[in-house]
Amino acid sequence: MDITLVPESPFRFRLDRCDPMRVPGVVFATRDLLPEAVGDKALEQVANVATLPGIVRASFAMPDVHWGYGFPIGGVAATDIDAGGVVSPGGVGFDISCGVRLLAADIDREPLAPRMRRLMDILGDTIPRGTGRGGLWKISGRAQMEKLLVAGAGYAVECDHGVPRDLDRCEDRGALAEADPSQVGQRAVDRGLQQVGSLGSGNHFLEVQVVDQVYDAGVAAAFGLHPGQVCVMIHCGSRGLGHQVCTDHVRVMDQSLRSFGIHIPDRQLACAPVVSTPGRAYLGAMAAAANYGRANRQLLTQAVRHAFTTAAGVGVDLVYDVSHNTAKIETHDVDGVSRRLCVHRKGATLALPPGHPDLPADLADHGHPVLVPGTMGTASYVMVGTVGNDAFSSAAHGAGRVWSRHQALRHVRGEALRGELESRGIAVRPSSWRGLAEEAPEAYKDVDAVARATEGAGLARLVVRLVPLGVVKG
DNA sequence: ATGTCC
């Protein structure tokens with residue numbers, strides 16, 4: 001396919017349709033943030049996604065787009081369920097329901113300062129992290145796991161790992177309703193039994209932050225945020241369970257492609273009609289894994305509460321919990337007609353506009369919170385959904401990589417990076433030197449530019465900017 | 001992302 005980008009605005013580029021694309025591609029970015037500027041194959045993936053059966057409107061890319069498995073990370077694609085539309089595990093990613101949770105502590109930076117060292121030590125000692133290893137909550141077996149897979153964060157709260165108000169501030173109230181635990185294989189369940197309440201590795205982290213700037217005081221107040229306030233951002237997913245679900249169902253779909261007469265330019269786009277046995281099976285398993293991811297973040301929240309109580313004697317409230325790796329059944333207007341769509345968001349956050357019926361009542365006037373984590377040395381953003389978002393109400397999910405992990409290791413030493421961050425007043429509790437180096441701030445796009453482009457493209461609006469005080473690294 | 005290869 002010939003890939004030529006046509007600028008439509010300073011924040012929007014079109015990738016014209018050519019065979020076998022069914023729809024055009026749309027990349028929301030500035031020139032500096034374009035994948036070609038950062039030298040990877042993400043644009044080709046945007047075009048590949050546009051060939052999927054049933055895709056409507058366009059194959060979208062967010063400002064943090066970069067190369068991923070099949071679909072680009074930062075990719076959004078919706079298929080029409082009643083017109084043979086497909087679901088693709090590659091459009092969700094291996095880390096199903098990977099997401100971000102923001103907590104607001106009942107203390108400001110200044111009074112916390114003398115307790116900060118102790119707080120970081122407790123977090124460093126109590127937050128399980130790294131590949132494999134254990135979690136905070138041991139699940140007894142398949143029967144208990146199925147309850148967790150059905151009710152997600154709600155099951156954790158039911159078992160006293162949280163308070164009911166937490167669920168008011170979770171996307172989907174903490175659980176996707178379509179979960180079908182019978183489609184989650186025993187191997188996936190076994191991998192998940194010991195990992196509820198653990199960060200994992202890679203780009204996952206738990207960060208203590210402070211509100212550095214407020215762009216919209218009204219929305220910030222509705223979210224429970226003010227200047228100088230201490231927050232905690234948690235980024236993690238569904239660990240080995242989600243990974244195994246993806247692996248299992250990609251295999252099934254790869255084998256069933258021929259029987260559905262589906263032709264795709266890349267096997268990593270393996271897919272099946274939503275209305276088919278493998279399609280339904282994957283969506284049921286995916287929802288279950290998504291609920292595992294939400295329960296995982298709920299358990300980590302409890303560890304944060306324990307640390308703040310012990311170190312500073314203060315409480316912690318949930319601001320919001322969003323997933324950025326999902327496929328969800330949603331109703332959208334397409335060319336003036338209301339359609340049932342399967343919306344894939346891979347490294348993209350739901351960004352509902354003000355007034356949307358799916359919003360919690362106390363946020364209904366403002367819009368859906370959009371959490372955009374940066375890196376351990378840079379800012380993170382809270383944004384809010386806007387009216388007129390073409391990409392099925394989706395926004396950026398983070399900074400987006402520019403260096404591969406291998407490249408990062410050639411440029412950065414973990415020990416030196418820790419020294420640098422500590423000298424800038426950012427406490428670091430790593431899991432491994434290698435993992436720390438791979439996640440160096442230089443390996444990512446400029447998150448300030450990503451957040452500005454997200455606003456410029458009309459995907460979401462800036463609410464507050466957070467800067468790091470300490471990082472517990474997966 | 002991931003018991004970084006069953």
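A note on names: the letters A, B, ... follow the listed sequences, proteins ahead of strands, and every chain is numbered from 1. Everything quoted here is computed from the prediction, not taken from an experiment. Reckoned from all heavy atoms, side chains included, excluding hydrogens, waters and symmetry mates.
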Tabulate below the donor-acceptor pairs under 3.5 Å that side-chain atoms of residues 175-183 of chain A make, not counting sequence neighbours, or state none.
from: A:D180; atom 1: OD1; to: A:S182; atom 2: N; distance (Å): 3.2
from: A:D180; atom 1: OD1; to: A:S182; atom 2: OG; distance (Å): 2.7

Pairs under 3.5 angstrom only: tabulate donor-acceptor contacts from the side chains of residues 461-474 of chain A to other protein residues two or more places apart or in another chain.
from: A:R461; atom 1: NH1; to: A:D216; atom 2: OD2; distance (Å): 2.9
from: A:R461; atom 1: NH2; to: A:D216; atom 2: OD2; distance (Å): 3.4
from: A:R465; atom 1: NE; to: A:Y381; atom 2: OH; distance (Å): 3.2
from: A:R465; atom 1: NE; to: A:D448; atom 2: OD1; distance (Å): 3.3
from: A:R465; atom 1: NH1; to: A:D212; atom 2: OD2; distance (Å): 2.7
from: A:R465; atom 1: NH2; to: A:D448; atom 2: OD1; distance (Å): 3.3
from: A:K473; atom 1: NZ; to: A:G202; atom 2: O; distance (Å): 2.8
from: A:K473; atom 1: NZ; to: A:H204; atom 2: O; distance (Å): 2.7

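Remark: aromatic rings of A:H235 and A:H324 are close, center separation under 6.0 Å.
Rounded to an integer number of Å, the gap from A:H204 NE2 to B:dT2 P is 5 Å. Per the geometry, CG belonging to A:D248 stands 13 Å off C1' belonging to B:dC6, to the nearest Å.
In this structure, A:Q194 reaches neither bases nor backbone, as no heavy-atom distance under 4.0 Å exists between it and the strands shown. Looking at heavy-atom distances under 4.0 Å, A:G202 makes contact with sugar-phosphate atoms alone, never a base. Using a 4.0 Å heavy-atom cutoff across all strands shown, A:G240 reaches sugar-phosphate atoms only and no base atom.
When each of A:D95 and A:R251 is assigned the nucleotide of DNA chain B with its nearest heavy atom, A:D95 is the one assigned upstream, toward the 5' end.
Checking the phosphate oxygens (OP1, OP2) of B:dT2, a side-chain nitrogen or oxygen of A:R239 falls inside 4.0 Å. Proximity of A:S201 to the phosphate of B:dT2: a side-chain N or O atom is located under 4.0 Å from OP1 or OP2.
The backbone N or O of A:F94 lies less than 3.5 Å from no partner atom in the side chain of A:H243, so there is not a single donor-acceptor pair.
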